[in-house]
Protein chains: 2
Amino acid sequence: MRNNTLGSLIWLRLMRFTNQSNQMSNDFLKRFDLTTAQFDVLMQISIYQPLTQMELAEKVTVTQGGISRMLVRLENEGYIVRKQDWKTKTISLTAKAVSILEQAMPEQLAFQTSFFDDVLNEEEQTTLYTLMTRVHKHSQKKELPPE
Amino acid sequence: MRNNTLGSLIWLRLMRFTNQSNQMSNDFLKRFDLTTAQFDVLMQISIYQPLTQMELAEKVTVTQGGISRMLVRLENEGYIVRKQDWKTKTISLTAKAVSILEQAMPEQLAFQTSFFDDVLNEEEQTTLYTLMTRVHKHSQKKELPPE
DNA sequence: CAATATCAATTGATTAGTCAAGCTAGAAGA
DNA sequence: TCTTCTAGCTTGACTAATCAATTGATATTG
């Protein structure tokens with residue numbers, strides 16, 4: 001029954017790895033009272049602020065509904081402010097979020113980096129990045145096969 | 001503010017890709033009335049059945065709580081049967097699940113494979129698989145950095 | 001034999017997300 | 001000006017997961 005292709009093995013590997021490292025990252029970020037998803041969203045806001053919810057949703061590849069709920073939580077925690085600007089809501093970070101990010105960002109970057117630095121040299125990392133970039137870019141313009 | 005390392009770029013790429021391809025896979029599997037997570041679980045059961053919930057949880061890297069809820073759904077849909085064996089519950093597939101898997105498995109495998117076959121040659125796929133395997137295996141024995 | 005320890009599975013509260021239907025406010029047409 | 005359209009956001013119902021506390025069933029100990 002198991003006639004796996006190389007591609008399907010890569011796929012599973014990627015899924016298991018991201019799943020696992022995501023959990024570890026959640027664990028790590030507990031010291032800053034953040035989850036990986038929240039950190040990701042706050043980072044994107046900090047880079048592109050001020051921006052609308054639609055724009056943000058696209059950056060983190062989440063639906064409008066998903067970003068709406070996430071922002072409600074972040075707003076309740078006092079990390080962001082939204083103000084109705086015209087018919088759009090513009091998002092920006094609070095001082096609290098800025099100061100937490102300042103601490104958390106370098107540490108989280110180092111944490112992410114350590115997954116690769118520990119086992120791959122620079123050349124191998126460049127190769128991995130190049131290959132994954134090609135795969136990712138391709139997937140973005142991929143169509144669903146016909147039924 | 002953006003002094004990203006190569007590792008952190010790889011990390012983000014992996015997260016975005018798996019996130020996206022997972023959604024596409026969900027979309028694809030709708031024709032079989034399955035989600036990616038359900039397909040994954042059913043596949044593992046089909047390979048290792050009969051097995052306990054703990055064992056299954058480990059195979060798909062989910063907590064006991066997570067697998068418990070997932071199995072309730074799969075049981076309600078008539079895909080699996082659980083029977084209390086001693087103090088453990090043993091899981092096995094129903095005929096319905098077997099026949100659906102028989103159809104869905106080759107198609108899902110082809111679908112996964114196409115993410116890579118379309119843009120990477122055999123050698124590149126082998127390289128990608130090797131690198132990711134090293135990264136994944138390393139992450140499994142990784143410890144959380146001290147506070 | 002009754003009390004307790006142990007291990008598997010379930011469950012309540014929460015985060016995170018999807019889809020699709022419903023609001024809401026400003027823009028445009030009659 | 002008043003209705004209609006539309007873009008952006010929210011929300012209800014659901015899948016999927018986590019953690020931590022609880023339940024259930026057997027095994028062990030006093």
Side-chain angles (χ1 to χ4, degrees), chain A residues 15-16 18-30 32-42 44 50-77 79-91 144, chain B residues 15-16 18-42 44-45 50-77 79-91 144:
Chain A
M15 290 296 157
R16 300 278 190 253
T18 50
N19 188 26
Q20 166 150 20
S21 66
N22 197 56
Q23 273 168 243
M24 292 172 81
S25 163
N26 272 326
D27 234 45
F28 176 69
L29 287 173
K30 270 202 187 110
F32 302 108
D33 243 309
L34 287 172
T35 66
T36 309
Q38 290 167 352
F39 179 85
D40 189 15
V41 168
L42 292 178
Q44 297 304 314
L51 77 174
T52 69
Q53 296 197 186
M54 296 297 298
E55 287 164 348
L56 182 54
E58 212 172 296
K59 301 269 181 228
V60 293
T61 37
V62 151
T63 58
Q64 335 104 290
I67 211 70
S68 178
R69 287 177 211 281
M70 172 58 92
L71 291 176
V72 168
R73 288 189 295 266
L74 289 175
E75 201 167 42
N76 289 340
E77 298 286 328
Y79 290 127
I80 61 154
V81 186
R82 285 187 285 181
K83 76 166 188 285
Q84 188 89 29
D85 234 12
W86 225 44
K87 74 178 164 185
T88 298
K89 289 197 178 176
T90 322
I91 309 147
L144 215 58
Chain B
M15 291 296 158
R16 299 279 189 252
T18 50
N19 188 26
Q20 167 149 19
S21 66
N22 197 57
Q23 273 169 244
M24 291 173 81
S25 164
N26 273 325
D27 234 46
F28 176 67
L29 288 173
K30 269 201 187 110
R31 63 189 66 174
F32 302 108
D33 245 308
L34 287 173
T35 64
T36 310
Q38 289 167 354
F39 179 85
D40 189 14
V41 168
L42 291 179
Q44 296 304 315
I45 300 175
L51 77 173
T52 68
Q53 298 196 184
M54 294 299 293
E55 287 164 347
L56 182 55
E58 211 172 297
K59 301 269 181 229
V60 293
T61 38
V62 151
T63 59
Q64 337 103 289
I67 212 70
S68 177
R69 287 175 215 279
M70 171 59 92
L71 291 176
V72 168
R73 287 189 295 264
L74 289 175
E75 201 167 43
N76 289 341
E77 299 285 328
Y79 289 126
I80 62 154
V81 186
R82 286 187 284 180
K83 77 166 188 284
Q84 188 88 32
D85 235 13
W86 226 43
K87 75 179 164 184
T88 298
K89 288 197 178 176
T90 322
I91 308 149
L144 215 56

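For clarity, every value in this text was computed on a predicted model and none was experimentally measured. Naming convention: chains lettered A, B, ... in sequence-line order (proteins, then strands); numbering from 1 in each chain.
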Just the rounded figure in Å: distance from [atom2] of [N] to [atom1] of [X].
X: B/Gln53; N: D/dG24; atom1: CD; atom2: C1'; value: 13 Å
X: A/Leu71; N: C/dA16; atom1: CG; atom2: C1'; value: 13 Å
X: B/Leu56; N: C/dA9; atom1: CG; atom2: C1'; value: 13 Å
X: B/Arg82; N: C/dA8; atom1: CZ; atom2: P; value: 16 Å
X: A/Asn22; N: C/dT15; atom1: CG; atom2: P; value: 16 Å
X: A/Asp33; N: C/dT14; atom1: CG; atom2: C1'; value: 14 Å
X: A/Glu75; N: D/dC9; atom1: CD; atom2: C1'; value: 12 Å
X: B/Met54; N: D/dA25; atom1: CE; atom2: C1'; value: 16 Å

* **side-chain hydrogen bond (donor to acceptor under 3.5 Å, both in side chains) partners of A/Asp33, counting only residues at least two apart** =>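 Listed in chain order: nothing, the list is empty.
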* Asked: With sequence neighbours excluded, what pairs up with A/Thr61 under the side-chain hydrogen bond (donor to acceptor under 3.5 Å, both in side chains) test?
  ->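 Listed in chain order: B/Asn19.
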* **Side chains of B/Tyr79 and B/Leu34 in contact at under 4.5 Å (non-hydrogen atoms)** =>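 They are in side-chain contact.
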* **Which residues share a salt bridge (charged side-chain N to carboxylate O under 4.0 Å, His left out) with B/Glu75, sequence neighbours left out** =>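 Expected list: B/Arg82.
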* Overall bend - the helix from C/dC1-D/dG30 to C/dA30-D/dT1, comparing terminal axes fitted on five pairs, nearest 10 degrees ->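 The value is 30°.
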* To do: Any chance you could list the contact pattern along nucleotides 13-19 of chain D? Use B for base contacts, S for sugar-phosphate-only contacts and - for none, protein heavy atoms under 4.0 Å, 5' to 3'.
  => B-SSSBB
* Asked: Any salt bridge (Lys or Arg N to Asp or Glu O under 4.0 Å) pairs touching residues 58-74 of chain B, not counting sequence neighbours?
  ->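 Passing the test, one end in residues 58-74 of chain B: no pairs.
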